[in-house]
Student: 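Can you keep this structure in mind? I'll have questions shortly.
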Amino acid sequence: MTSTGKGVTVCAKVCPAYNTHVYGFDSSLSIPSIFTSSLYTYKLVMTSVFPLLKIGPFNEYPDEYSSVDAADALRNSKVLVIGAGGLGCEILKNLALTGFKSIEVIDMDTIDISNLNRQFLFRESDVGRPKAEVAAEFIRQRIRDPSLSIVPFFGKIQDKPLEYYKQFTVVICGLDSVEARRWINATLVGLVDEELNNLIPLVDGGTEGFRGQARVILPTLTSCYECSLDMLSTKQTYPVCTIANTPRLPEHCIEWANALEWPVHFSGLKFDADNPEHLDWMYEASLKRAKLFNIKGVTRSLTLGVVKNIIPAIAATNAIVAASCCNEVFKIVTNSNPILNNYMMYSGDDSIFTYTFSHTKKKDCSVCGNTAKTTIAQKWWTLQDFISQLSKNQEIQMKRPSLTTSTQQLYLRAPEALEEATRGNLIKKLSDLIEPMEEILVTDPSLPISLKVRVHFEGPEEKPDTISALMSDV
Amino acid sequence: MLKIRQLQKKKLEEAAASAAATADITGNSSTISSNNKITPAQLRLQKDITELDIPKSIKLTFPNSSDLFNFNLSITPQQGYYKLGTFQFTVEINGNFPMDPPRIKCSNKIYHPNIDLSGNVCLNILREDWSPVLNLNSVLIGLNFLFLEPNPNDPLNKDAANVLVKNKTLFAKNVRDSMRGGYVDQEYYDRIV
C-alpha cells in the first residue's frame, strides 16, 4: 500500500447485503482484514474505495488531497442522473457499482420493446412501465446494498422546482434531446449566484450511432452547452421542392407524406408517431408515392425512423460514453485526478478515434455570458422609472432596452405592434407588474448579450412628496 | 470539487478586482423566489424580435402580445411581379429555437413558383440550410426576396415555374390575375390587393 505521507487511514463503510460493518484500513496492516471477509466485499472495495488510497499520478492538488475525504465524498455526494435510457442504464449501473450511495434518476419515458436490446435494466415484462422506476428497482434488487438510496422520478425535468436541483453535488445527463440539455444547462447556470454559490457541475454524454461525446461543464466557469450550440448538426431535412416534385429517395416519399400530405388530409390533427393508425396511414401514403415515382425501399420501420428522426443506437458506444461520463463524476467528487477539460469526442466509425479539446466560453453566450444580477428598486417606481435607472446605472449605456419576464412582456421597443401593446405598462408600478426577485430579461441593440436582472424592492409604496414639502417650507 | 473551488476563488478575485475599479449597482442577493425560468429559446427570440432590421414592406402583428413565439407577418412588395399585393403569413417558433427553424406558412392561396397552394414555402434557409447562426431577420429578408425574385429553378408550384421560364409576360399577367382574386388555369386564387 502506498503511503500518501499522511498515513493512510481510510474508514470505508462498506455495506454489502446482510453484512453491515465498518472496516478499518491501517497502513501498518499488511493485509486489511476486509480482504479476507468475503469475495463480494473485496470486490466492492477494490472497485470503489481502494483506488482512492493511492494519490492519482496527475493529481493537481497533492497537498490538499486526502483519501479519507475522498472516500467520504464518494459516499456522501448526491448525484442526479437525467435520462434512464441507453446511456442512463449504463450510467446508473456504473455509479451504483462505483460506490455512490445517493442517486436520483429522472426520465419521462416508458419502456418500449425496441429498447430491450441495449437498455439492460429492463425486461420484456416491463414494457410500458416508466423507465426511471424500473431502472431504480432493478439496481436496488441487483446490488442489494441497504445503504444505497436510488430515487426515481417519472416525469419531465421541467416539472421540478429550481430548489430541487440545488441539493445535488453533480448532475449527469444521458439525454436524447437538445431541448432538455439546453434546459438543464440554463437551469444550472442560473442557479449560480454572484458569490458563485450553488455551482453544480454538469457531465453530459451523447451518442449517435458509432459516435459519441462526453463533456464536463462547470456552470459560469467553463464553456456551457449553449456556447457551442452553433456546432450541432441539425436534423436531416430535404428541400420542399424536391419532396414535392422530384423525389429520388424513399425518405423523400415519407417526408412528402409527413410534411405535405398529412396537413392537407388531417387539418388541425397533430401526427402522433406512437399511434399505430397514424403510422399506418403515413406508411401507406409514402408507399403509394414511392410506387408512383418507381422508388424502392419504403418500409414501415423506415417510415417510423424518418418521422421520428431515429438514429440507430449502438450499445457499445453507449457503454464507452457512459464510462467516460461516470469516470468524470468520480473524479469531480473525489478530487483523485484532473477532470476532463472539457470535451471528449469518440468515433467508432472507422476503427477507433478519440480527441479531447477545450471548448472556449463564448463571450456573448445568451445563457452563460451573464448571470442574473440583483438590483434594488423603490416600491413606488414605475416601469419607466426603473428603465431609466437601469440605463443610467449600467456600465454599458443602454439605448433602447426591452424587458420581459418568463410570463409577460413588460416593454418592447420594437417591432411597432409590440411597442404599442406594451407601452401602457410604462406608467404602471413595477412592483405591481412583477414578483419580487422575479427574473427580468433585458435586451438592447447596443448589448451583444442579454442581461438578466432580479429586483429587490424597498422604500415606501407611494412616491415621497419631497418637492412639494420643500416648496411649502418656502 | 477542489478544482472547482480553485476556479471559483480565481474568478471571485478577478471580479473583486474589477468591482473595485467600477462602482457596482448590485446589492445583496437573496434566494430566488420565483420558479419561472426564462427559457434559452426566449432569451434568443427576444433579441431576434426586438432587433429586427427589416424593410417597411414587412409588418409583424401579434394576435397575443404576450406570446412572442406565434405571430403573423404581412409582406407588401414595392416592386417586381407582386408589387402592391399584401401577403399574409403565420410564423410559429418552437421551444427548441434556434436549433429548429421558424415554421412559416402563407395564409393566402397565391400563384407563386416557390409557394404551393396549401401555403408551404420553399426557402432553403427555412429547412435544409437552416442553422442556429441564422436569425429571424435573415428568414424575413429571404421571404421578402422570394417576392422580388421568384425562383423557377426550385419550384413548388411547377406550373407557375414553367410559365415563368417560358413566358415572362404571361407569368406577369397570371400573377396580376391571381392577385385580383380569380382563376388561373382553372385554379382559384385569393384576392390580395
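In what follows, every chain begins at residue 1, and chains take the letters A, B, ... in the order their sequences are listed.
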Student: Which atoms of B:N124 come close to chain A, meaning under 4.5 Å heavy atom to heavy atom: side chain ones, backbone ones, both, or neither?
Tutor: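 No part of B:N124 comes within 4.5 Å of chain A.
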Student: What orientation do A:F168 and A:Y164 show, parallel under 30°, tilted 30 to 60°, or perpendicular over 60°?
Tutor: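 Ring orientation of A:F168 relative to A:Y164: perpendicular.
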Student: Quick one: which of B:N157, B:D190, B:D159, B:N174 gives a side-chain hydrogen bond (donor to acceptor under 3.5 Å, both in side chains) with B:Y111?
Tutor: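 Testing B:Y111 for a side-chain hydrogen bond (donor to acceptor under 3.5 Å, both in side chains) against B:N157, B:D190, B:D159, B:N174 leaves exactly one candidate, B:N174.
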Student: Quick one: of A:A244, A:P263, A:A421, A:A414, who has the most non-hydrogen atom pairs under 4.5 Å with chain B?
Tutor: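 Among the listed options, the one with the most contacts to chain B is A:A414.
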Student: Considering only heavy atoms and a distance below 4.5 Å, find which of A:D230, A:N245, A:L221 pairs most often with chain B.
Tutor: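 So the answer, after comparing A:D230, A:N245, A:L221, is A:N245.
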Student: Need one label for B:S118: side chain, backbone, both or neither, based on atoms under 4.5 Å from any heavy atom in chain A.
Tutor: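 B:S118 touches chain A through side-chain heavy atoms alone.
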Student: For the residue pair A:D72 and A:N76, confirm or rule out a side-chain donor-acceptor distance under 3.5 Å.
Tutor: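 There is no such pair (donor and acceptor under 3.5 Å, judged by atom type) between the side chains of A:D72 and A:N76.
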Student: Which of residues 61-76 of chain B have a heavy atom under 4.5 Å from any heavy atom of chain A?
Tutor: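 The list, in residue order, reads B:T61, B:F62, B:S65, B:S66, B:D67, B:L68.
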Student: Return yes when atom NZ of B:K83 has more than 12 non-hydrogen atoms of other residues, nucleotides or ligands closer than 6.0 Å, and no otherwise.
Tutor: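 It does not: B:K83 NZ has 12 such atoms or fewer within range.
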Student: Check the pair B:H112 / B:Y81 against ring-ring contact (aromatic ring centres under 6.0 Å, His included), numbers first and verdict last.
Tutor: CA-CA 10 Å; B:H112 192 294; B:Y81 295 110; 9.4 Å; no
Student: Select, from A:T169, A:V264, A:L229, A:T246, the one with the greatest count of heavy-atom pairs under 4.5 Å involving chain B.
Tutor: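 The residue among A:T169, A:V264, A:L229, A:T246 with the greatest pair count is A:L229.
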Student: Please identify which of these residues, B:L140, B:N135, B:L136, B:I141, meets the side chain to side chain contact (heavy atoms under 4.5 Å, CB included) condition with B:S138.
Tutor: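 Considering B:L140, B:N135, B:L136, B:I141, a side chain to side chain contact (heavy atoms under 4.5 Å, CB included) with B:S138 is found only for B:N135.
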Student: At a heavy-atom separation under 4.5 Å, does B:Q46 approach chain A through its side chain, its backbone, both, or neither?
Tutor: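 It is both, since atoms from each part get that close.
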Student: Are the side chains of A:L202 and A:L218 in touch, meaning some heavy atoms are under 4.5 Å apart?
Tutor: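 No, every pair of side-chain atoms sits at 4.5 Å or beyond.
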